[in-house]
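Data block below; observations after.
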Amino acid sequence: MAQQKISFTRYLVEQQRADGLIPGQLRLLLEVVARACKSISQAVNKGALGGVLGTAESENVQGEIQKKLDIIANEVLIEANEWGGHLAAMASEEMETIHVVPNRYPQGEYLLMFDPLDGSSNIDVNVSIGTIFSVLKKPDDTPGVQEADFLQPGTQQVAAGYCIYGPQTTLVLTVGNGVAMFTLDREQGSFVLTQEDIQIPADTKEFAINMSNMRHWDEPVKRYIDECLAGKEGPRGKDFNMRWIASMVADVHRILMRGGVFMYPWDKREPEKAGKLRLMYEANPMSWLVEQAGGAATNGKQRILDLKPTKLHERVSVMLGSRHEVERLTQYHAEKP
């Protein structure tokens with residue numbers, strides 16, 4: 001007898017029943033996010049046929065040129081989520097300030113943050129891109145909702161995940177009880193559970209970093225990479241492979257599937273910025289997923305999930321993946337004179 005397919009909805013309902021980890025309102029919110037990802041997946045799949053490739057003559061809050069699909073994905077997520085009654089507000093990498101749920105809709109108790117389309121440099125060249133999301137609970141003691149409500153450390157997340165639009169469309173989720181993966185079955189139109197309890201191997205022979213920035217790195221990162229490149233003859237005693245997709249979702253997905261270490265460190269080009277990636281929309285959700293799969297995530301000095309954000313679009317240095325490699329990198333930073 002063929003094994004029964006477990007849909008995303010059924011998985012959430014059963015989690016809600018078994019562990020009480022997923023309150024009803026959170027389950028509805030996650031279903032809406034999954035639905036929005038399905039719509040974004042369709043737009044991504046159509047590509048040039050849907051007239052969605054190329055640049056929209058605008059910049060986002062970070063001063064980055066926006067792609068048409070960035071803007072579409074952002075609108076899809078907002079429109080899908082604002083009317084359901086489970087959210088108080090949303091924040092997006094593509095928007096300067098928070099988006100409070102309009103008065104005409106009921107307000108819920110959750111805050112949703114997202115990077116609507118991560119890896120946008122890959123949109124036009126048919127390489128995997130994705131949506132990253134993170135859910136927090138609004139603090140009880142504040143009337144209304146303001147930006148400060150979002151400034152919680154990553155340890156406060158109640159759900160986090162991403163949807164990768166690649167050869168398959170795959171939704172990856174944690175609610176603090178391990179990591180589960182769901183693949184979009186296009187015939188059925190639903191996400192189906194394909195893997196549970198994912199574990200990242202503690203050791204690896206694969207690293208992911210943009211080597212073209214080597215001259216700008218801090219010494220501990222240079223030391224780590226030099227040792228990897230020295231291979232069998234070097235201090236590590238093994239040969240390493242390198243990967244770099246320039247799409248955080250794709251690089252993290254590979255690490256969840258087979259291990260590895262991902263680094264987007266601070267560099268000297270913008271010394272006043274802690275890093276390039278955003279703490280709230282990228283680093284926190286990805287760090288939680290990686291930790292839930294037995295990996296580790298630090299900014300070189302401390303655990304990313306412990307960092308207290310001071311502003312919505314805060315940046316951070318990121319080193320995540322196989323535990324022993326991340327520990328080594330963090331140790332090299334600690335030893336730096």
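One-based numbering along the sequence shown.
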Donor-acceptor pair, distance only, cut-off 3.5 Å: does the side chain of Ser322 make one with the backbone of Pro201?
yes
Check whether Ser41 reaches the backbone of Tyr165 with its side chain - one donor and one acceptor, N or O, closer than 3.5 Å.
no
Answer yes or no: are there more than 12 heavy-atom neighbours, outside Lys268 itself, under 6.0 Å from its atom NZ?
yes
May I ask you to decide if the ring planes of Tyr11 and Phe182 are parallel, tilted or perpendicular, using 30° and 60° as cut-offs?
perpendicular
Atom CE in Met286, atom OG in Ser134: separation rounded to 0.5 Å?
11.5 Å
Strictly below 4.0 Å, N to O, side chains only: are Lys276 and Glu282 in salt-bridge contact?
no
Which atoms form the tightest heavy-atom contact between Gln292 and Asn177, and what is the distance?
OE1-N, 3.3 Å
Please report the interatomic distance NE2(His333) to CE(Met319), rounded to the nearest 0.5 Å.
3.5 Å
Show the numbers, then the answer: is there a side chain to side chain contact (heavy atoms under 4.5 Å, CB included) between Tyr110 and Leu112?
CA-CA 7 Å; Tyr110 291 104; Leu112 174 66; over 6 Å; no
So how far is it from Leu12 CG to Arg17 CZ, rounded to the nearest 0.5 Å?
12.0 Å
Which heavy atom of Trp83 sits nearest a heavy atom of Glu79, and at what distance?
CD1-O, 3.1 Å
Is it true that Leu28 and Ile78 fall in one hydrophobic cluster, defined by side-chain heavy atoms closer than 4.5 Å?
no
For a side chain to side chain contact (heavy atoms under 4.5 Å, CB included) check, start with the C-alpha distance between Arg236 and Lys205, then their side-chain angles and the critical distance, and finish with the verdict.
CA-CA 10 Å; Arg236 301 301 310 273; Lys205 293 181 176 179; over 6 Å; no
Where do Thr155 and Asp306 land on the side chain to side chain contact (heavy atoms under 4.5 Å, CB included) test, with the steps shown first?
CA-CA 6 Å; Thr155 48; Asp306 288 335; 3.6 Å; yes
If you compare all heavy atoms of Ala36 against all heavy atoms of Ala80, which two are closest, and at what distance to 0.1 Å?
CB-CB, 4.0 Å
Would you say Trp217 and Met263 make side-chain contact, with heavy atoms under 4.5 Å?
no
Using 4.0 Å as the upper bound for N to carboxylate O, is an ion pair formed by Arg278 and Asp115?
no
Assess, by modelled atom type and distance only, whether the side chains of Gln331 and Glu335 contain a donor and an acceptor separated by less than 3.5 Å.
yes
Could you check whether any side-chain heavy atom of Gln156 comes within less than 4.5 Å of a side-chain heavy atom of Lys137, counting everything from C-beta outward?
no
For the atom pair CD (Gln157) and CH2 (Trp288), what is the distance rounded to the nearest 0.5 Å?
6.0 Å
When rounded to the nearest 0.5 angstrom, what distance separates CD in Glu325 from CD1 in Ile200?
12.5 Å
In plain terms, say whether Arg323 and Glu327 are close enough for a salt bridge, that is, a side-chain N and a carboxylate O under 4.0 Å apart.
yes
Look only at the side chain of Asp239 and the backbone of Lys232, and say whether a donor-acceptor pair between them is shorter than 3.5 Å.
yes
Side chains of Ser92 and Asn74: donor-acceptor distance under 3.5 Å anywhere?
yes
Distance in Å, Leu77 CG paired with Ser39 OG, rounded so as to fall on 0.5 Å steps
9.0 Å
Quick check: does any side chain N or O of His313 sit under 3.5 Å from a backbone N or O of Thr97, one acting as donor and the other as acceptor?
no
Carboxylate-amine/guanidinium contact Asp251 Arg254, below 4.0 Å:
yes
Counting distance only, does the side-chain N/O of Gln302 pair as donor-acceptor with the main-chain N or O of Asn299 below 3.5 Å?
no
Can you say whether the rings of His253 and Tyr162 are parallel (under 30°), tilted (30 to 60°) or perpendicular (over 60°)?
perpendicular
Using a strict threshold of under 4.0 Å (side-chain N to carboxylate O), is an ion pair present between Glu270 and Arg315?
no
So for atom CG, which belongs to Asn241, do other residues, nucleotides or ligands contribute more than 12 heavy atoms lying within a distance under 6.0 Å?
yes
Same cluster or not: Leu307 versus Leu305, using hydrophobic residues (I, L, V, M, F, W, Y) connected whenever any side-chain heavy atoms lie under 4.5 Å apart?
no
Answer with yes or no whether the side chains of Arg186 and Thr169 bring together a donor and an acceptor at under 3.5 Å.
yes
Hey, do the aromatic rings of Phe262 and Trp244 have their centres closer than 6.0 Å?
yes
Tell me the closest heavy-atom pair linking Gly321 and Val290, and the distance in Å.
N-CG1, 3.7 Å
Taking Asp185 for its side chain and Val192 for its backbone only, find out whether a donor-acceptor pair lies under 3.5 Å.
no
Can you tell me if Asp218 uses its side chain to pair, donor with acceptor, with the backbone of Pro220 under 3.5 Å?
no
Using a 4.5 Å cut-off between side-chain heavy atoms of Ile, Leu, Val, Met, Phe, Trp and Tyr, which other residues end up in the same hydrophobic cluster as Trp266?
none
Counting heavy atoms not belonging to Lys222, are there more than 12 under 6.0 Å from its NZ?
yes
Intermediate values then yes/no, side chain to side chain contact (heavy atoms under 4.5 Å, CB included), Asn284 and Ile304
CA-CA 7 Å; Asn284 271 340; Ile304 284 173; 3.7 Å; yes
Is there a continuous path of hydrophobic side-chain contacts, each under 4.5 Å between heavy atoms, that joins Val135 to Phe8?
yes
Is it true that Leu320 and Tyr332 fall in one hydrophobic cluster, defined by side-chain heavy atoms closer than 4.5 Å?
yes
Give the minimum heavy-atom separation between Lys238 and Thr204, together with the two atoms involved.
NZ-O, 2.9 Å
Under 3.5 Å, side chain of Thr131 to main-chain N/O of Leu117, donor-acceptor pair present?
no
Would you kindly say whether Thr330 and Thr298 are connected by a side-chain donor-acceptor distance under 3.5 Å?
yes
Look at the side-chain heavy atoms of Ile, Leu, Val, Met, Phe, Trp and Tyr, link any pair under 4.5 Å apart, and say whether Val32 and Met113 land in one connected group.
no
Is it the case that more than 12 heavy atoms not belonging to Asn103 sit under 6.0 Å from its CG atom?
no
When you look at Glu14 and Arg10, which way does the salt bridge (Lys or Arg N to Asp or Glu O under 4.0 Å) test go after all the steps?
CA-CA 6 Å; Glu14 289 180 351; Arg10 178 173 165 186; 2.8 Å; yes
Would you confirm whether Lys273, through its side chain, and Asp267, through its main-chain N or O, come within 3.5 Å as a donor-acceptor pair?
no
Minimal heavy-atom distance between Ile164 and Ala250, with the atoms involved, is CD1-CA, 3.8 Å
